[in-house]
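Could you have a look at this structure, given as structure tokens, before my questions?
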Amino acid sequence: MSGHARFSPSSAHRRLNCPPSLVLEEQFEDEESHYAAEGSAGHALAEHLIKKHLKQRSRRPVSNYYSDELLEAVDEYVSYVIGEIEEAKRICNNPIFFVEQRVDASEYVDECFGTADMVIITEKVAHIIDLKLGKGVPVSVEKNPQLMIYGLGILSIAELLYDIETVRLTIVQPRLNSLNTWDISIEELKVWGETVLKQAGEKALAGNGDFKAGSWCRFCKARNKCRARSDEFLQLAKMEFREPALLSDEEIAEVLKVSDELAKWSSDVYTFAQDQAIVHGKQWNGFKLVEGRSNRKYTSEKELAQAAIAAGFTDIYKRSLVTITELERLMGKKEFAKVLGHLVYKPQGKITLVPNNDKREAITKTTAEAEFQEDSL
Ligand code: SF4
């Protein structure tokens with residue numbers, strides 16, 4: 001088995017919706033973003049902490065990415081996993097635990113394998129837990145192809161040990177306060193593997209099928225130059241915009257549906273073009289490189305303070321409280337809640353228009369109006 005899966009479970013959502021993206025992406029270099037590197041550091045720490053709990057050998061990883069905020073997010077995930085481990089021990093005499101387990105679904109699609117963050121196997125249930133450290137949008141676990149592939153992969157091990165009936169899939173997104181679990185019977189999962197996954201996998205590996213743009217384009221390496229994605233958005237430009245008041249409600253709803261993706265797409269294309277110009281000297285018709293605006297900075301804070309004090313200006317420092325996260329870490333969660341809990345509150349979030357499939361509860365028109373008025377006072 002090579003180290004690189006051509007059909008990786010983490011790209012499955014994209015491959016299922018746009019099968020030829022696999023071959024198209026192969027002409028682009030791999031991208032290593034700051035977010036991905038930070039995510040890997042977070043996963044390595046979670047793996048270490050869980051292994052420590054399981055009394056397995058592990059060395060604490062070191063990384064420059066370990067901020068208080070990341071450590072807190074990892075802690076939250078690890079606490080949930082430990083709770084599930086202890087529950088498994090309570091209900092099953094011999095539960096099996098795998099941390100960062102390689103899972104292979106090449107029985108369904110050639111070169112399809114990946115790594116499941118946490119697997120807990122008890123007599124009837126194989127539970128796969130996935131940590132996502134992104135700060136973007138909550139990822140739905142229901143019918144999530146990445147986790148369903150992990151489920152198919154883990155069944156080949158779990159069924160040798162127990163009479164598994166259910167595959168339980170959980171996605172934990174601590175930075176979004178989101179934890180979702182979904183159960184699927186092994187029969188249903190295998191039918192999905194044989195029909196949906198196998199078919200899409202064959203098409204994807206051969207570069208066949210139709211290009212189709214959608215939310216899954218965000219992590220596609222072809223996203224900046226893909227014609228299908230561009231065509232999808234340029235359809236909008238064909239709508240006849242005159243005065244906004246002349247748009248029908250249906251037209252406005254159409255624009256709203258794609259506005260988020262549209263903004264992301266134009267920003268992707270802009271970032272790509274700017275990078276080409278700065279790094280590779282590419283000239284774009286009608287555009288030039290200029291220096292951006294910048295703010296004044298002290299050359300040396302120490303020297304500046306000395307000079308200001310020498311000139312008689314002593315009131316030059318300000319004190320501010322450390323953040324809630326820092327204080328909570330300093331005191332520990334329990335102590336913080338006991339001593340300061342009553343002095344902390346969570347303000348209401350800014351009212352936002354979102355699609356109906358967003359998981360947050362809708363607020364009523366009256367409430368929204370009242371809050372808008374209060375905000376504008
Ligand atoms: S950008 Fe979107 S439409 Fe284009 S290949 Fe990638 S996934 Fe398919």
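Read the numbers this way: they start at 1 and go in the same order the structure lists the ligands and their atoms. Every heavy atom of this structure was used, including side-chain atoms; hydrogens, water molecules and symmetry mates were not. All residue numbers refer to positions in the sequence shown, counting from 1.
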Exercise. Are Arg168 and Glu87 within salt-bridge range, i.e. N to O under 4.0 Å?
Worked result: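 Result for this pair is no, no salt bridge flagged.
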Exercise. Would Cys217 count as a contact for atom 2 (Fe) of ligand 1, in the sense that one of its N, O or S atoms lies under 2.8 Å from it?
Worked result: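 Looking at Cys217, which is the residue asked about, there is an N, O or S atom under 2.8 Å from atom 2 (Fe) of ligand 1.
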Exercise. For ligand 1, which part of Lys212 has a heavy atom less than 4.0 Å away: the side chain, the backbone, both, or neither?
Worked result: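 Looking at Lys212 and ligand 1, just backbone atoms fall under 4.0 Å.
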For this session: Could you list which atoms of ligand 1 come closer than 4.0 Å to a heavy atom of Trp216?
Result: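 Those qualifying, in numeric order: 7 (S).
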For this session: Inspect the contact between Asp30 and Lys221 and indicate whether a charged nitrogen and a carboxylate oxygen are less than 4.0 angstrom apart.
Result: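 Judged by the 4.0 Å cut-off on N to carboxylate O distance, Lys221 and Asp30 do form a salt bridge.
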For this session: Identify, by atom number and element, the atoms of ligand 1 in contact range of Arg14, meaning under 4.0 Å from any of its heavy atoms.
Result: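 Checking each atom against Arg14, I get 7 (S).
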Exercise. Nearest protein heavy-atom contact for atom 6 (Fe) of ligand 1: which residue, which atom, what distance?
Worked result: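 Answer for atom 6 (Fe) of ligand 1: Cys220 SG, 2.4 Å.
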Exercise. Short list, please: which atoms of ligand 1 are under 4.0 Å from a heavy atom of Phe211?
Worked result: 5 (S)
Exercise. Ser11 side chain to Arg14 main-chain N or O, any donor-acceptor pair under 3.5 Å?
Worked result: no
For this session: Show which atoms of ligand 1 fall inside a sub-4.0 Å distance from at least one heavy-atom site of Leu24.
Result: 5 (S)
For this session: Flag the pair Pro95 / Ile85 as yes when at least one side-chain heavy-atom distance between them is below 4.5 Å, and no otherwise.
Result: no
Exercise. With side chains defined as the heavy atoms from C-beta onward, is the minimum distance between Tyr108 and Lys190 less than 4.5 Å?
Worked result: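 With C-beta onward as the side chain, the pair touches.
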For this session: Output yes when Asp231 and Arg227 qualify as a salt bridge under the 4.0 Å nitrogen-oxygen rule, no when they do not.
Result: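 Judged by the 4.0 Å cut-off on N to carboxylate O distance, Asp231 and Arg227 do not form a salt bridge.
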For this session: Can you sort out which atoms of ligand 1 are near Arg223, meaning under 4.0 Å from one of its heavy atoms?
Result: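 In order of numbering, the contacting atoms are 1 (S).
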Exercise. Considering only protein heavy atoms, which is closest to atom 8 (Fe) of ligand 1, and at what distance to one decimal place?
Worked result: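 Scanning the protein heavy atoms, the shortest distance from atom 8 (Fe) of ligand 1 goes to Cys18 SG, 2.4 Å.
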Exercise. Is there a side-chain contact between Phe211 and Arg229, using heavy atoms and a 4.5 Å cut-off?
Worked result: no
Problem set entry | Protein residue, atom and distance nearest to atom 4 (Fe) of ligand 1, heavy-atom basis | Cys226 SG, 2.3 Å
